[in-house]
Structures are given as structure tokens and as C-alpha cells.
Amino acid sequence: MTAANSWICLILLWIAAETNGKTPDVQLTCIFSEDCVLPCVFEAVGDEMIYWFRQNVPIQSYIQGSGRLDQADQQYNSRTSLFTEMIPSGNASLHIQKCGPQDRGKYRCLVTSSQETTEQFIIVKVEAPIQSVSLETTRLSGFEEVICSSQDAYPAPRVNLFTEPASLPDSLQPFTRKTADKQGLYSVESKLKKLKDLTYICLVQSFYRSQTWRASLQEKETFSVEGQDLIIPCVAPWKLQNFTLTWSFTKEHKSSTIYTYDSLTQRSSSVWKENMRLVTPRGRGGDGSLQLHNPLSLEHTGTYTCILYAHQTKHEVHTRVNITLKPEKQQSESSPQRWIPAVITGLAVTAVAAIIGIIKSGCTKSSKIHGEATEMQPMRVTVANSRAASEDTCLTEEIANRPA
Ligand SMILES: *[C@@H]1O[C@H](CO)[C@@H](O)[C@H](O)[C@H]1NC(C)=O
Ligand SMILES: *[C@@H]1O[C@H](CO)[C@@H](O)[C@H](O)[C@H]1NC(C)=O
Ligand SMILES: *[C@@H]1O[C@H](CO)[C@@H](O)[C@H](O)[C@H]1NC(C)=O
């Protein structure tokens with residue numbers, strides 16, 4: 001009975017204390033499988049009794065002076081403890097080892113002494129943060145799908161997989177699955193059928209909204225003509241501040257990095273020096289689009305992969321680029337030796353023009369005549385395009401400058 005009376009007394013005291021300015025509840029997030037310390041401090045006078053409760057179930061108690069430690073709840077017996085050496089200085093924090101889902105809840109630290117009674121509430125959440133998110137295409141079901149997945153998070157995160165532009169609601173509904181392992185950690189997976197020319201976006205948000213991971217994936221195909229400058233877009237759906245950009249090129253199963261840029265150090269490296277540049281200087285805001293200058297069919301046809309990485313964010317674009325020869329040239333040689341017949345033709349045309357006697361008037365006039373000559377010979381467009389051949393006085397100089 002006396003015990004019950006003292007409890008009632010405590011509760012009354014607590015109510016009184018509460019009206020005089022209650023200490024606000026402490027919100028605490030403990031990390032899954034790590035140790036956690038639930039704070040509880042008081043003004044030590046020396047005869048304190050300390051009680052810890054979880055969801056109103058007593059789990060630990062300690063009586064100063066006697067040094068008696070009671071572990072009320074067997075479930076917590078092995079994993080919770082008080083820093084008994086800290087109690088005389090007013091620290092009754094509770095130590096929980098290897099936090100798990102069972103440790104969530106509302107804890108109460110009750111300290112009574114001959115002087116006063118204090119009570120503190122601690123709301124404990126347990127979280128296993130998202131560590132990674134992957135967004136990729138697979139063919140596991142026999143058709144192409146885009147799968148967004150994340151492993152080992154707690155509580156189960158929310159997954160939102162969608163396309164941009166938004167596709168027809170019926171044809172594209174993501175199928176989402178969440179599974180828990182023995183420890184209680186969740187794996188989530190969401191998949192969508194893959195359609196052409198869509199950007200797939202996946203947002204994975206932790207249960208308590210403390211983290212949002214973003215991933216996007218795009219696969220495209222582009223045709224272009226040799227010699228024509230080409231832009232391969234890579235624009236993240238989000239503004240990015242601190243990011244790294246990597247472009248790689250894959251041809252016949254061989255992949256190599258052709259460009260990298262780090263926005264923090266502002267360092268870049270480029271393998272195809274003068275043949276490429278970024279469309280937006282320093283990829284500002286997350287625009288990593290690449291411009292290919294004077295691409296060649298043989299060398300530059302292949303798959304270009306752009307990856308933008310930022311904090312909890314990844315944007316990936318695969319572009320299959322097919323650079324075809326110019327229509328007029330398709331039957332002719334595409335080897336480097338093509339310059340030899342071109343030069344010979346140029347010389348021949350110039351000679352013909354000289355014979356006709358029009359060339360006497362000089363460079364400008366001859367180029368006009370030359371233009372007419374090539375229209376009649378569509379196979380020699382290369383020559384017509386080069387100023388060298390149409391301006392006889394500049395001819396030797398230009399040829400000397402040309403790469404072998
Ligand atoms: C109480 O003691 C624990 C264990 O030494 C420590 O982690 C915590 O910071 C202490 N709290 C205060 C308020 O000193
Ligand atoms: C980018 O990095 C700088 C330097 O580390 C930092 O001060 C800034 O807050 C970061 N910005 C973002 C959006 O992460
Ligand atoms: C590029 O396009 C041409 C014409 O459509 C096609 O014949 C060729 O096979 C393509 N090359 C590659 C590598 O896809």
C-alpha cells in the first residue's frame with residue numbers, strides 16, 4: 001500500500017511540475033543496429049531513485065546510495081544499462097545496445113529524491129537510413145522493364161517510380177513490392193514497363209522523410225551525319241549544385257571514359273580534347289549536355305553514357321548515336337585515304353578551269369566556276385566543300401595544313 005501511495009504522490013507531484021513548465025519531450029532517432037543513449041539529466045542531491053519506462057512498462061531502476069540496480073523487463077535485460085558511475089553527477093541516461101524495431105516508443109525517465117521529482121519523456125524512433133537507390137533496365141520478365149530498388153532500410157521507405165512525360169495511366173502502373181528480412185530491414189522494388197523516349201524517375205523517401213533519394217534514367221537513339229556538329233543532351237530533372245559528371249563511350253563492348261568534371265574542384269579531364277565540349281559551361285545547374293565537333297562515322301558511332309552524381313541523386317542517360325556518312329559519300333571510300341582522290345580531283349578540276357581560261361581572273365572567280373563544276377559531279381562534294389580546292393592560289397597551303 002505504501003508503495004502505491006508513493007506512486008500516487010509521485011504522479012501528483014509530476015502533474016504539479018508539469019503545470020510549472022514541463023520539459024518538452026525529446027525526439028531521438030536511433031540508428032538500426034547501433035548503440036543509442038537516451039538522455040536524462042537531473043540535479044543530484046544524493047538519494048535519488050531512478051526509474052526508466054518504455055510505453056509505461058518499467059525496464060530499469062536504480063537506487064542511489066544502495067546502488068541497487070533492478071532490471072525489470074527481461075526483454076531489455078541484456079541490452080539496456082545505466083551509466084551508474086555517471087548517476088552521482090546527475091546523469092541517468094539509458095544506454096541501449098544494438099537498437100532494433102522493438103526499441104521504438106515513448107520512454108520515461110523518472111527521478112525522485114527527497115528534494116524533488118523530475119520526469120522526462122523521450123520519443124525514440126529507430127531508423128536504418130537508405131544507403132543507395134538503383135534504377136536500371138532489366139529483361140527478367142521477358143520484356144524490358146525499369147526497376148527502381150533500395151535495400152536494407154527501416155522503416156520501409158516510400159518508392160515513387162514514374163515517367164516524364166507522364167504516360168498513359170493504364171499502360172504504365174508501377175508494381176511495387178516491399179519485403180522484410182529476418183532483422184526487420186526492408187527491401188523495396190518498383191517496376192514499370194519500358195517504353196521508348198521516356199525519362200524514368202524514381203524517388204525513394206525514408207519513412208520519417210529525413211532523406212529523399214532521386215534517380216533518373218533515360219535511353220535514347222540519335223542519328224546524325226558525319227561532319228555535322230551534334231549535341232547529346234544530358235540534363236538532370238533537378239537543379240544540381242555539387243555534382244560530378246562522367247561521360248563514357250561504348251563501342252563494340254569496349255567502354256572508356258571520355259570526359260569527367262567535378263563541380264566542387266572545377267576540375268575536368270577530356271580525352272577527345274578539341275572534338276568535344278560541354279554545351280553549358282561547367283555543366284551549371286546539372287546540364288551535362290555534350291557537343292561533338294565534326295564527328296566521324298567510324299570513330300564516333302556508339303553509345304554515349306552520361307552520369308551526373310550529386311548528394312543522394314543520380315541522373316543517367318544512355319544515347320545510342322549513329323553517325324552516318326553523308327548520302328553523297330556513302331559509296332565512296334570512308335578511309336583516311338579519301339583525301340588523295342579528293343586532292344587529285346581538285347587539281348583536275350582546277351586544271352580544266354585553267355584550260356577554259358577563266359581562272360586567270362583569280363581566286364574568287366574560280367571558286368564560282370568550281371561550284372558549277374561540282375554540281376555536275378555530285379560524287380566530289382568533299383572537294384567543293386573545301387575552300388582549298390576552289391581557291392587555286394591557296395590550294396597548296398591548305399593541303400599542307402591538312403591532317404594526314
Ligand atoms: C551522460 O553520460 C553518457 C555516457 O557517458 C554520455 O554519453 C552523455 O553525453 C552524458 N550526458 C550529459 C548531459 O552529460
Ligand atoms: C556544396 O558544397 C559546398 C562546399 O562543400 C557547401 O558549402 C554547400 O553547402 C554545398 N551545397 C549543396 C547544395 O550541397
Ligand atoms: C546506323 O544507321 C544505318 C542506317 O539506318 C544502319 O544501316 C546502321 O546499321 C546503323 N549502325 C549502327 C551501329 O547502329
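All values below come from the heavy atoms of this structure, side chains included, with hydrogens, waters and symmetry mates left out. For clarity, every value in this text was computed on a predicted model and none was experimentally measured. Numbers here are sequence positions counted from 1. Whatever order the structure lists them in is the order used to number ligands and atoms, beginning at 1.
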Any atoms of ligand 2 less than 4.0 Å from a non-hydrogen atom of Gln241? List them with their elements.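 Answer for ligand 2: 11 (N), 12 (C), 13 (C).
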
With heavy atoms of Leu264 as the reference, note each atom of ligand 2 found under 4.0 Å away.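 Per the distance check, 2 (O), 4 (C).
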
For [atom], what's the nearest protein heavy atom and its distance?
{"atom": "atom 5 (O) of ligand 3", "value": "Phe223 CE2, 4.0 Å"}
{"atom": "atom 4 (C) of ligand 3", "value": "Thr324 CG2, 4.4 Å"}
{"atom": "atom 12 (C) of ligand 2", "value": "Asn242 ND2, 3.4 Å"}
{"atom": "atom 13 (C) of ligand 3", "value": "Thr301 CG2, 3.8 Å"}
{"atom": "atom 1 (C) of ligand 3", "value": "Asn322 ND2, 1.4 Å"}
{"atom": "atom 9 (O) of ligand 1", "value": "Asn91 ND2, 4.8 Å"}
{"atom": "atom 7 (O) of ligand 1", "value": "Val37 CG1, 4.4 Å"}

Taking 4.0 angstrom as the limit and counting only heavy atoms of [X], give me the atoms of ligand 1 inside it, by number and element.
{"X": "Met86", "value": "2 (O), 5 (O)"}
{"X": "Val41", "value": "13 (C)"}
{"X": "Ser93", "value": "1 (C)"}

Please step through side chain to side chain donor-acceptor pair (under 3.5 Å) for the pair Gln291 and His293, ending with a clear verdict. CA-CA 6 Å; Gln291 181 170 21; His293 176 60; over 6 Å; no

Give the C-alpha distance, both sets of side-chain angles, the deciding distance and a yes or no for side chain to side chain donor-acceptor pair (under 3.5 Å) between Thr260 and Ser269. CA-CA 5 Å; Thr260 62; Ser269 70; 2.7 Å; yes

Kindly confirm or rule out a cation-pi arrangement of Arg158 over Phe207, judged by NZ or CZ under 6.0 Å from the six-membered ring centre and within 45° of its axis?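 The answer is yes; both the distance and angle limits are met.
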
Quick one: sort the His95 and Phe83 rings into parallel, tilted or perpendicular, breaks at 30° and 60°.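 Geometry flag for Phe83 against His95: parallel rings.
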
Do [X] and [Y] touch side chain to side chain, with heavy atoms closer than 4.5 Å?
{"X": "Thr319", "Y": "Gln218", "answer": "no"}
{"X": "Tyr200", "Y": "Lys194", "answer": "yes"}
{"X": "Phe32", "Y": "Gln183", "answer": "yes"}

Is any side-chain N of the basic residue among Arg177 and Glu189 closer than 4.0 Å to the acidic one's carboxylate O?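 Looking at Arg177 and Glu189, the cut-off is met.
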
Within the structure, is a non-hydrogen atom of Pro39 found at a distance of less than 4.0 Å from ligand 1?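 Pro39: no contact with ligand 1 (<4.0 Å).
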
Disulfide (SG to SG under 2.5 Å) assessment of Cys202 paired with Cys148: CA-CA 6 Å; Cys202 185; Cys148 177; 1.9 Å; yes

